[in-house]
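Take a look at the structure set out below.
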Amino acid sequence: MSEDRQVRQLAAIVFTDLVGFTELMETDEDRAREIVRVQRALIDSCAGRHGGRILKEIGDGMLLMFGSGVEALRCAIEIQQAEKDFRLRIGVHIGDVVIDDEEVYGSGVNVASRIEGLAEPDGICLSRDAWYQARNQTDLDARFIGKKHLKGIREPVEVFQLRFGKEVGGQAPLPDETGKPPGATGNRKRIYALASVLVLSVMAGMYLVFDRFAVSPPPSEEVAVSPEPDGVRPEPSIAVLPFADMSADRDQDYFAEGLAEEILNLLAGIDGLRVTGRTSSFAFGDKDIPIPEIGQTLGVAHVLEGSVRKDGERFRVTAQLVEADTGFHLWSERFDRELEDIFAIQDEIADAIALALQVTLKAESIGTDSLEAYEHYLRGRKRIYRRTHDDLERARSLLDHALALDPDYAPALATSAEVRLLLSDVAYGDVPVSQANSAAREELNLALELDGELAEAHAALGLLAYHEWDLDTAQGHLERALQLNPSLSGANHWKGLLLGAQGRLREGIEHRERFLTLDPLFIANKSNLIDQYRRMGDYTTAEQLFDRMMENHPDNPLTWGQKIRLLMDQGELARAVEVAETVLEEIPGHQVFEEIYYRLGEFGRAAEVADERGYSRLGARVLIEVKGAEAALEQSRAALEHGPLYDAVWLRLIDGLVWAGKHEELVSMVDEKGGLSGPLEDRVRHFNSFAHFLTALATAEHQLGRAELKQTLSEWRDRLDMMNENGYGAPWYYFMESCYHALADDRAQALEYLETAMEAGFREPLLARHPAFAPMHEDPEFEALAKRMVELINVERGRADLAPLSI
């Protein structure tokens with residue numbers, strides 16, 4: 001193309017975009033096309049009246065050009081105020097446009113299109129250059145919403161939000177060369193008064209920036225506030241996004257995230273303020289998502305964002321407080337500091353926000369005078385959240401370095417202990433749990449000696465006690481951690497595990513639902529919440545939660561693991577194995593595989609999975625089918641040497657003993673451990689696990705004709721009644737009821753519960769010789785149900801292209 005066919009000129013550029021057009025095209029294409037036609041007629045008419053013209057249609061958007069910035073804004077306002085049954089976003093910018101015979105392009109076009117994406121539906125956003133031309137128009141008003149890093153644009157752009165119609169009031173001043181409104185300064189040791197001035201100037205005459213957060217306005221002031229639905233104000237809430245690393249080498253991301261995390265923890269100490277957990281708020285760190293969308297996803301009224309730029313021994317931190325539903329920047333500040341002053345800056349930022357929120361913030365300390373120790377601590381913390389073995393090992397090394405520099409650094413001690421627990425062989429590593437617990441306890445005791453109110457230390461002690469099944473101690477530490485920091489995700493998650501271990505299913509669900517509002521993207525909480533709804537048999541709610549997991553974590557194995565369990569619970573074994581082998585094929589030994597293959601009667605494949613992990617999740621029964629009783633029991637006995645976590649390994653052995661018919665050995669082992677009235681329960685403390693243990697013990701005692709059977713059945717009945725009171729309704733619960741009644745010689749109830757379990761989806765390929773039903777193995781009705789069980793499994797085997805099991 002020859003250059004003489006190109007025209008380059010400076011122009012006011014308007015970019016429009018239809019809201020919700022893509023979704024409408026999918027549901028009503030004719031309606032969508034009609035809206036595009038009506039939109040073009042409206043925009044063409046408005047542009048003509050203001051000396052502009054349409055340069056190009058881009059999908060459902062329009063690119064317009066004007067010779068005057070004022071006329072461009074007036075046209076944009078006219079478009080938005082026109083009566084129409086569709087909604088638009090509009091962006092306005094002054095910049096270069098290159099026009100040739102076939103295309104319209106230039107940096108001005110790119111900026112206008114990016115600014116449009118920042119506008120609310122029915123709103124208008126504009127650049128500093130566009131607002132500069134219109135700032136003296138008394139009937140035009142705009143709010144400065146900050147410097148924005150726009151995709152594809154090298155330098156940040158100062159963006160304003162145009163106010164029109166009933167919103168028009170006094171003019172918002174242009175920011176100075178720092179990008180802040182006049183009056184914003186840095187380098188103050190404490191910035192209470194400064195924050196107050198900034199807050200009031202930004203809101204231009206409103207009583208307070210944070211009226212929604214106000215405890216109560218002074219009697220002499222009347223505050224005009226749009227009422228919330230049903231007259232309820234939203235609770236005070238904020239999310240802290242990870243600060244952006246703006247350093248030249250982009251090598252300070254750990255420092256930027258660490259700074260934001262420390263501020264998050266400080267804000268969590270504000271009474272009456274709900275602070276979104278780290279996992280959820282940090283999920284948006286590297287995503288180009290508008291603040292209103294983030295606020296809606298996290299359910300918060302305000303968002304704190306910022307950036308860090310390091311240059312030699314100096315750094316600059318900027319922080320902005322944003323109203324989530326509008327995207328307005330309500331407070332901003334810049335802090336220029338020497339590197340050695342980093343420990344003070346977090347308090348300054350949090351204090352300024354606390355002032356705006358009209359609440360009192362506790363004084364906190366970073367805990368060390370060593371900048372290098374702090375740096376290694378932050379690097380270690382960043383690794384922990386990834387939860388892979390390699391990242392945890394790297395975190396271990398970084399925290400060791402931090403503690404070598406400052407052995408009395410309490411937060412690093414607590415975090416080091418947490419990593420030790422996560423690297424134990426009952427979590428993500430291979431360190432014997434007893435060894436991990438011992439090392440962690442030593443560090444946590446020292447951390448609490450140094451800082452008795454360190455929330456992270458109490459939380460880690462709660463996890464340690466949970467590992468040892470000292471549930472009362474675990475509860476005490478976790479409750480204390482949450483008193484000190486209600487937003488602490490680890491403590492909230494581990495408390496949910498604790499409630500489940502105590503059989504408090506309803507309380508556990510209530511706690512996890514509250515935690516879900518606090519940290520909606522914390523995947524482990526969603527996963528466990530699905531588990532709890534599955535235990536209730538509430539598959540509708542569980543499926544809804546799965547859909548939410550899919551939206552945010554489509555590639556995480558936890559997400560698909562829950563889908564597989566939902567399918568298994570409802571008897572859809574073929575679909576479960578299809579999902580497992582398709583989605584999780586690259587995750588060797590994933591815990592769902594063994595159970596799927598077992599339920600389908602594929603014992604050899606189930607045993608292979610058990611061998612990969614070194615133990616059988618279902619107990620020794622699956623190994624007995626493939627390797628024989630002695631080999632299976634030898635492997636289960638060896639597992640007892642791992643440490644005090646008997647809840648898992650001991651149950652595998654007793655399950656194997658009862659399926660191998662070694663009833664005397666099982667009963668003798670229980671007697672040696674003190675029986676039901678002795679310390680046995682200290683070894684199998686999880687509520688559900690102990691109920692399964694009682695099944696095995698009652699089976700052995702029934703076979704041996706032991707008088708102790710009566711006591712065991714009584715204890716078992718109490719557990720089942722508590723399960724019923726807590727809402728348990730999963731198929732395996734009905735199967736457990738059936739086992740109980742079979743051993744209590746209540747034939748009718750045993751058959752009724754067994755049929756209920758089967759109808760709900762429970763599948764047991766070895767039902768015909770299940771030890772708990774030994775008293776009924778020759779009962780014709782039981783034999784018929786066992787035959788029906790195999791038929792149901794064979795339906796699924798056929799769908800999975802497997803040969804049928806013999807009946």
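From a predicted model like this one, the values you see are computed outputs, not experimental measurements.
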Distance-only side-chain donor-acceptor flag, Y598 / E764, under 3.5 Å: yes
Heavy-atom side-chain contact between R480 and L461 under 4.5 Å: no
T279 side chain vs L521 backbone, donor-acceptor pair below 3.5 Å: no
Backbone of E507 reached by a side-chain donor or acceptor of R512 within 3.5 Å: no
Partners meeting ring-ring contact (aromatic ring centres under 6.0 Å, His included) with W494 (sequence neighbours left out): none
For S527, all residues meeting side-chain hydrogen bond (donor to acceptor under 3.5 Å, both in side chains), sequence neighbours excluded: Q562
Test item: E468 and R441 side chains (from C-beta on) under 4.5 Å apart, heavy atoms: yes
Note, L413 side chain near L450 side chain (heavy atom, < 4.5 Å): yes
N-O pairing of E456 and R381 below 4.0 Å: no
L754 side, atom CG; Q749 side, atom CD - distance, nearest 0.5 Å: 12.5 Å
Side chain S280, main chain D519, donor-acceptor under 3.5 Å: yes
Nearest atoms (heavy-atom pairs only) where L444 meets A457: CD2-O, 3.7 Å
Closest heavy-atom pair and its distance - A436, L421: O-CD2, 4.4 Å
Residue pair A439 / R420: nearest heavy atoms and the distance that separates them: CB-CD, 3.5 Å
Worked check of side chain to side chain contact (heavy atoms under 4.5 Å, CB included) between L545 and L516: CA-CA 11 Å; L545 279 167; L516 188 63; 4.0 Å; yes
Closest non-hydrogen atom pair, L478 against A459: CD2-O, 3.7 Å
Pairwise ring-ring contact (aromatic ring centres under 6.0 Å, His included) hits with a residue in residues 512-544, at least two apart: H493-F522, F515-F522
Side-chain (N528) to main-chain (A524) donor-acceptor, under 3.5 angstrom: yes
Nearest heavy atoms of A410 and L454, plus distance in Å: O-CD2, 3.5 Å
Side chain to side chain contact (heavy atoms under 4.5 Å, CB included) assessment of H458 paired with L482: CA-CA 9 Å; H458 285 286; L482 291 172; over 6 Å; no
From L471 atom CG to L498 atom CG, the distance as rounded to the nearest 0.5 Å: 5.5 Å
Check: Q532 and L505 side chains under 4.5 Å, non-hydrogen atoms: yes
Atom pair CD (Q502) and CG (L497), whose distance is rounded to the nearest 0.5 Å: 11.5 Å
By ring-ring contact (aromatic ring centres under 6.0 Å, His included) - contacts of F762 (at least two apart): F735
R575: salt bridge (Lys or Arg N to Asp or Glu O under 4.0 Å) partners, not counting sequence neighbours: E572
Other residues, nucleotides, ligands: >12 heavy atoms within 6.0 Å of Q296 CD: no
Pairwise distance CG(L720) to SG(C739) - rounded to 0.5 angstrom: 10.0 Å
Rounded distance [0.5 Å steps], CG in L399 versus CD1 in I384: 6.0 Å
Nearest non-hydrogen partners of N492 and P486, listed with the distance: ND2-O, 3.0 Å
Atom pair CG (L463) and CG (L422), whose distance is rounded to the nearest 0.5 Å: 6.5 Å
Close side-chain approach of M536 and I509, heavy atoms under 4.5 Å: yes
Flag, side chain of S281 to backbone of G277, donor-acceptor distance under 3.5 Å: yes
Electrostatic pair R599:E595 at N-O distance under 4.0 angstrom: yes
ring-ring contact (aromatic ring centres under 6.0 Å, His included) partners for H511, two or more places apart: none
Within-4.5 Å side-chain heavy-atom neighbours: F282 and E257: yes
M736 vs T695, side chain to side chain contact (heavy atoms under 4.5 Å, CB included): CA-CA, chis, key distance, verdict: CA-CA 8 Å; M736 187 173 287; T695 308; 4.2 Å; yes
Pairs satisfying salt bridge (Lys or Arg N to Asp or Glu O under 4.0 Å), at least one member in residues 521-534, at least two apart: D531-R534, R534-D569
side-chain hydrogen bond (donor to acceptor under 3.5 Å, both in side chains) partners for R717, two or more places apart: D721, E737
Minimum side-chain heavy-atom gap P520-T276 below 4.5 Å: yes
Pairing residues for Y753 by the ring-ring contact (aromatic ring centres under 6.0 Å, His included) criterion, not counting sequence neighbours: H741
side-chain contact (heavy atoms from CB on, under 4.5 Å) involving A698 - partner list, sequence neighbours excluded: L709, T712, L713, W716, L743
Qualifying residue for side-chain contact (heavy atoms from CB on, under 4.5 Å) with V275, from N485, L264, L304: L264
Pair E725-R506, salt bridge (Lys or Arg N to Asp or Glu O under 4.0 Å): steps then yes or no: CA-CA 9 Å; E725 292 168 4; R506 296 188 193 278; over 6 Å; no
Under 3.5 Å: donor-acceptor pair, side chain of T297, backbone of E293: yes
Salt bridge (Lys or Arg N to Asp or Glu O under 4.0 Å) partners for E755, two or more places apart: none
Stepwise side chain to side chain contact (heavy atoms under 4.5 Å, CB included) check, Y734 with E759: CA-CA 10 Å; Y734 296 120; E759 290 175 355; over 6 Å; no
Sub-4.5 Å side-chain heavy-atom contact between L392 and R383: no
Qualifying residues under side-chain hydrogen bond (donor to acceptor under 3.5 Å, both in side chains), relative to D538, sequence neighbours excluded: T541
Salt bridge flag under 4.0 Å for residues R504 and E510: no
